[in-house]
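Order of the sequence lines sets the chain letters (A, B, ...), proteins ahead of strands, with each chain counted from 1.
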Protein chains: 2
Amino acid sequence: MDHRSLLLLGLLISQSQHGYQIHDFIETNLPFITDMKKATAYAHLEKLSKGKYIDVSVEQEGSRPPRKVYSINNQGMELFYQLLAENLAAADTVFYEGDIGLMFLDHLPVEDTVHYLNKRRKDLEKKHHAVQLTPLHDTSKGVNIAFQHKKKMLEAELSFLNETIQQLKASPDYNKEVE
Amino acid sequence: MDHRSLLLLGLLISQSQHGYQIHDFIETNLPFITDMKKATAYAHLEKLSKGKYIDVSVEQEGSRPPRKVYSINNQGMELFYQLLAENLAAADTVFYEGDIGLMFLDHLPVEDTVHYLNKRRKDLEKKHHAVQLTPLHDTSKGVNIAFQHKKKMLEAELSFLNETIQQLKASPDYNKEVE
DNA sequence: TATAACATGTAACAAGTTACATGATTTC
DNA sequence: GAAATCATGTAACTTGTTACATGTTATA
């Protein structure tokens, strides 16, 4: 909730924008930070606007669909700083759905577990690769740090997975024939 | 969704249990794996029961409130293996809310950012400490691995935070007087 | 000429949480 | 005698997603 408003406000600081534009920016540039959907972005912008945190002005080019251009105002800046402080100061609790599968790997033959975890690793490598390739045309220090964080966490996942797979393969009841 | 059913089914394999008991177990033993709420657990158990994946029998001790004891059946075991395979094979996409704050740290004086991130670090250290202290009376290999994963991810967070704070402190416009 | 991109919005749906209701028993 | 624990459940609410409706303009 809060972090979505923070994101929208933050993006409006660098320039006034309309909803479509903001969502488009998020989708093409920040797919590793959030997957906020269009309808959600529009709804939040309207809510921020109703709360007087952002101002609206309707623009229109020719007979193209009119666009609502949002600009952050003083109240919005105050809210931004408040949300930013809260966000920076708190370590959000992250739950990993994948941990639940791990909990029950005793119920499978080691070979099967290794087979599935190898798939997980491939999946992960693809994601890691994608983050690597992200163009950082935005040279903002902060955005860079956020990307570094994301990359580091993916690498931790990858290193954990590799260790775990090795460990399982080293177990006495692992049948090497299946490879 | 899926991972919640997987968890409940998995816990029912080791023993038949009633909802209160299962939720109690989760709350006291798995606070780092999930924070599934009571109402959610009950609802999922009822859904699994309606889907014929688990059987119910009502027990009652004296005049205490009756309890619905759930047992996993063959259909449930099949579902369990299917959900387990899917869970193990997929790397779930994790978004870190904290990344959004990081993105905008350019908008604050470095000293403020450092101050907030130090708070974040304390918060994180507390969480890391708590995981460290978790009693692993359950000696299941899988549960252990899941906990190791959680621990490793927290350590990656911590290491990232330390590096980032150091980096910020090393920036030319960081004023050491404030410490 | 079809379809993708531009631009906004709404209604239905999905999933989970909060808060409460009920009522017995054990503990402070 | 009050409060916590045991045991289940429901209704209202929150948040976000999916899918669609609308209509123009650029592109294939």
Nearest-nucleotide comparison on DNA chain D, the residue closer to the 5′ end among A39(B) and D24(B)
D24(B)
dG9(D) phosphate, OP1 or OP2: any side-chain N/O from Y42(B) under 4.0 angstrom?
no
Just by distance, with hydrogens left out, do S49(A) and K68(A) show a side-chain donor and acceptor under 3.5 Å apart?
no
Looking at dC6(C), I'd like to know if its phosphate oxygens (OP1 or OP2) sit under 4.0 Å from a side-chain N or O belonging to Y20(A).
yes
Pair H18(B)-E59(B), side-chain donor/acceptor within less than 3.5 Å
no
Quick one: H44(A) NE2 to dG9(C) P, roughly how many Å, whole number?
15 Å
Respond yes when some side-chain nitrogen or oxygen of H18(A) is under 4.0 Å from OP1 or OP2 of dC6(C), and no when none is.
no
K68(A) side chain: which of dT18(D), dT8(C), dT8(D) is closest?
dT8(C)
Between dG16(C), dT17(D), dG9(C), spot the one nearest the side chain of Y70(A), thanks.
dG9(C)
Regarding the side chain of R4(A), the nearest nucleotide among dT17(C), dG16(D), dT8(C) is dG16(D)
Distance, rounded to the nearest Å, where L8(B) contributes CG and dG16(C) contributes C1'
14 Å
What integer distance in Å separates Q17(B):CD from dT8(D):C1'?
16 Å
For E46(A) and for R67(A), find the nucleotide of DNA chain C with the closest heavy atom, then tell me which residue's nucleotide is more 5'.
R67(A)
Y20(A): which other cluster members, linking ILVMFWY side chains closer than 4.5 Å, directly or transitively?
Y42(A)
Within this structure, what is the NZ-to-C1' distance between K38(B) and dT5(D), rounded to whole angstrom?
9 Å
Please list each protein N or O that sits under 3.5 Å from an N or O in nucleotides 25-28 of chain C, with the distance.
{"from": "dT25(C)", "atom 1": "OP1", "to": "S63(B)", "atom 2": "OG", "distance (Å)": "2.1"}

Round to a whole Å and report the spacing from CD of Q21(A) to C1' of dA7(C).
11 Å
How does the hydrophobic cluster around V94(B) look, that is, which other residues are in it when side-chain heavy atoms under 4.5 Å mark a link?
V94(A), Y96(A), M153(A), Y96(B), M153(B)
Below 4.0 angstrom from OP1 or OP2 of dT8(D), is there any side-chain N or O of H23(B)?
no
Side-chain contact, heavy-atom cut-off 4.5 Å: F80(A) with M77(A)?
yes
Figure out the NZ/P separation between K47(A) and dT10(C), and round it to whole Å.
16 Å
Heavy-atom pair with the smallest gap, counting every atom of K47(A) and S5(A):
NZ-OG, 4.5 Å
Short side-chain to backbone donor-acceptor contact, R120(A) and L88(B), under 3.5 Å:
yes
